[in-house]
Amino acid sequence: SSLVIMSDSSNLVNRKSKKEDEENAENEQTSSAASAGDQSSQRAESSVKDNPSSSNPSKIDVFTSFVESVGQSLKGAAAEAARPSSPLKTLDLAGIADYIKTRKPKNIIVMTGAGISTSAGIPDFRTPGSGLYSNLAEYDLEDPQDIFDIDFFKENPEPFFKLAKALFPKDVKPTPAHYFVKLLEKKGLLLRWFTQNIDSLEIRAGVSKEKVMAAHGSHATSTCLKCRKKYDLAWITKHLDSSALVPHCEAPDCDGVVKPDIIFFSESLPRDFFVKIVQDFPCCDLLIVMGTSLIVQPFAGLVDEVDSEIPRLLINREPAGPFRAHADAARRPTIPLEVCYGLGIKASHRDVFHRGDCNEGVLELAERLGWDAELEQMIAAGPPTTELL
Ligand code: OAD
């Protein structure tokens, strides 16, 4: 197995470096040959004992055996050099828990999408059947994504506001997965929470505002598209509860359409998002991704901003982005990583894909970390704040 090859190659290196201290290159070659020869002779001798009919090894046998042993060692060294060192003992939640316990990462970045809030009753976008984009037939849209397209909205804001009631439900509660991230913050391990969600459940779970980067904005505030007057959540909520479909600005002589401050397609992402990427990702020592299809850019591309040796975990119902390679590997019978590298099979040395529900995933991780009682306490206590972004 690869372990044997590794220890063989390291023995060879140790032996060599000792001799280099003592002898010149020519002598070294001779003595290495002799020592390999000695080993071969010993092997040959033991085989003689096993097989009384065989005779003493010839010089050719000794030389062949020496060449073979050097070849084996070189092969081992080459395989070792080609294999990137894995920061994880195992490519699963146990490996991630072990990494947190032993390496003590302090700059964990969390990236989330709509899947983290589905158990709170907010639909995601792309799950066939329940996702928002499969339920827009009544809006007669050419492309379901048009509902979040800024040019389409400027021409026809009605479909968006019809949907807004479902999108911004009242009295939603953070999920166990939200509280898990709060727990990371409480333990001083959370560097930043990059979220695509506009539901503000991160803040409801008690995570500090400065730790949350809402990449696609939030519905906590709204802006008049004409005079840029700002409105708060209470104003837009009251409006959504009233019969008028499209909210209009109340500033004198304005009457512009008021749009919640969520980022639509073709709109720029907040400047702060790009500042935080540059600031945070080079320091990231563990990336946890949950509940996203990793389809929408530039957010999806953030997973590649962490250093190539930093472990990445995806907890999701389906594989996404670069975690697909891990999911493919998981379908094969388990092949040790070293063997994959040796045979040239594509395998990740630092990605973990945990297929399943976000809540179930974080509960298992918390249990493996011995944090389950604390997490369950936070869940039972409920949202510590009603404040939004
Ligand atoms: P998607 O709907 O594209 O993906 C949600 C992912 O979460 C899917 O892979 C689901 O399988 C998974 N999922 C759903 N419920 C889950 C659960 N309870 N546990 C685990 N996994 C679950 O949503 P996003 O990736 O967030 O942008 O979508 C990204 C962006 O596309 C949104 O921010 C929005 C949308 O268009 C804009 O509106 C600009």
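If you're wondering where the values come from, they're calculated on a predicted model, not measured in any experiment. First listed ligand is number 1; within each ligand, the first listed atom is number 1.
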Charged N-O contact under 4.0 Å between Glu374 and Lys186: yes

Any N/O pair Arg126/ligand 1 closer than 3.5 Å: yes

Nearest-0.5 Å distance, CG of residue Asn156 to CG of residue Asp149: 11.5 Å

Under 4.0 Å to a heavy atom of Gly291 - the qualifying atoms of ligand 1, by number: 5 (C), 6 (C), 7 (O)

The one among Ile198, Ile263, Asn197 that brings a heavy atom closest to atom 39 (C) of ligand 1: Ile263

Close approach, Ala300 and ligand 1, non-hydrogen under 4.0 angstrom: no

Heavy-atom nearest neighbour in the protein, as seen from atom 4 (O) of ligand 1, with distance rounded to 0.1 Å: Ser293 N, 3.3 Å

Ligand 1 contact by Ser119, heavy-atom criterion under 4.0 angstrom: no

Proximal ligand 1 atoms for Tyr133, defined as those under 4.0 Å from one of its heavy atoms: 35 (C), 36 (O)

Polar side chain donor-acceptor pair, Thr112 to Trp193, under 3.5 angstrom: yes

Identity and distance of the protein heavy atom lying nearest atom 12 (C) of ligand 1: Asn316 OD1, 3.3 Å

Nearest-contact summary for atom 26 (O) of ligand 1 - protein heavy atom, Å: Ala114 N, 2.8 Å

Working for salt bridge (Lys or Arg N to Asp or Glu O under 4.0 Å), residues Lys276 and Asp272: CA-CA 6 Å; Lys276 292 274 180 344; Asp272 203 27; 2.8 Å; yes

Distance under 6.0 Å and angle within 45° of ring axis: Lys259 vs Phe264: yes

Atom indices of ligand 1, in the order listed, that fall short of 4.0 Å to a heavy atom of Phe265: 36 (O)

Closest approach of any protein heavy atom to atom 33 (O) of ligand 1, naming residue and atom: His216 ND1, 2.8 Å

Test of proximity, Ile315 against ligand 1: N or O pairs below 3.5 Å: no

Nitrogen or oxygen atoms of Phe264 and ligand 1 under 3.5 Å apart: no

Pair Arg204 + Asp199: basic N to acidic O under 4.0 Å: no

Ring-ring centroid check Phe153 Phe161, cutoff 6.0 Å: yes

Worked verdict on Leu287 versus Phe281 for side chain to side chain contact (heavy atoms under 4.5 Å, CB included): CA-CA 9 Å; Leu287 181 69; Phe281 275 84; 4.2 Å; yes

Pairwise distance CG(Asp140) to CD(Glu138) - rounded to 0.5 angstrom: 10.5 Å

Taking atom 20 (C) of ligand 1 as the reference point, the nearest protein heavy atom with its distance: Gly356 O, 3.2 Å

Closest to atom 6 (C) of ligand 1 (judged by heavy-atom distance), picking from Ile262, Thr292, Thr118: Thr292

Nearest-0.5 Å distance that lies between atom OH in Tyr99 and atom CG in Leu93: 15.5 Å

For atom 5 (C) of ligand 1, the option (of Leu132, Asp124, Leu314, Thr175) bearing the nearest heavy atom: Asp124

Nearest option to atom 22 (C) of ligand 1, as decided by whichever heavy atom of Glu318, Arg317, Glu360 sits closest: Arg317

Between Tyr133 and Phe125, ring centroids under 6.0 Å: yes

Heavy-atom nearest neighbour in the protein, as seen from atom 13 (N) of ligand 1, with distance rounded to 0.1 Å: Gly115 CA, 3.6 Å

Identity and separation of the nearest protein heavy atom to atom 30 (C) of ligand 1: Val296 CG2, 3.6 Å

Numbered atoms and elements of ligand 1 in range of Gly113, under 4.0 angstrom, heavy atoms: 26 (O)

Pair Arg312 + Asp304: basic N to acidic O under 4.0 Å: yes

Cys283 SG to Asp307 CG distance, which is reported to the nearest 0.5 Å: 11.0 Å

Atom 32 (C) of ligand 1: the protein heavy-atom neighbour that sits closest, reported with distance to 0.1 Å: Phe125 CE1, 3.5 Å

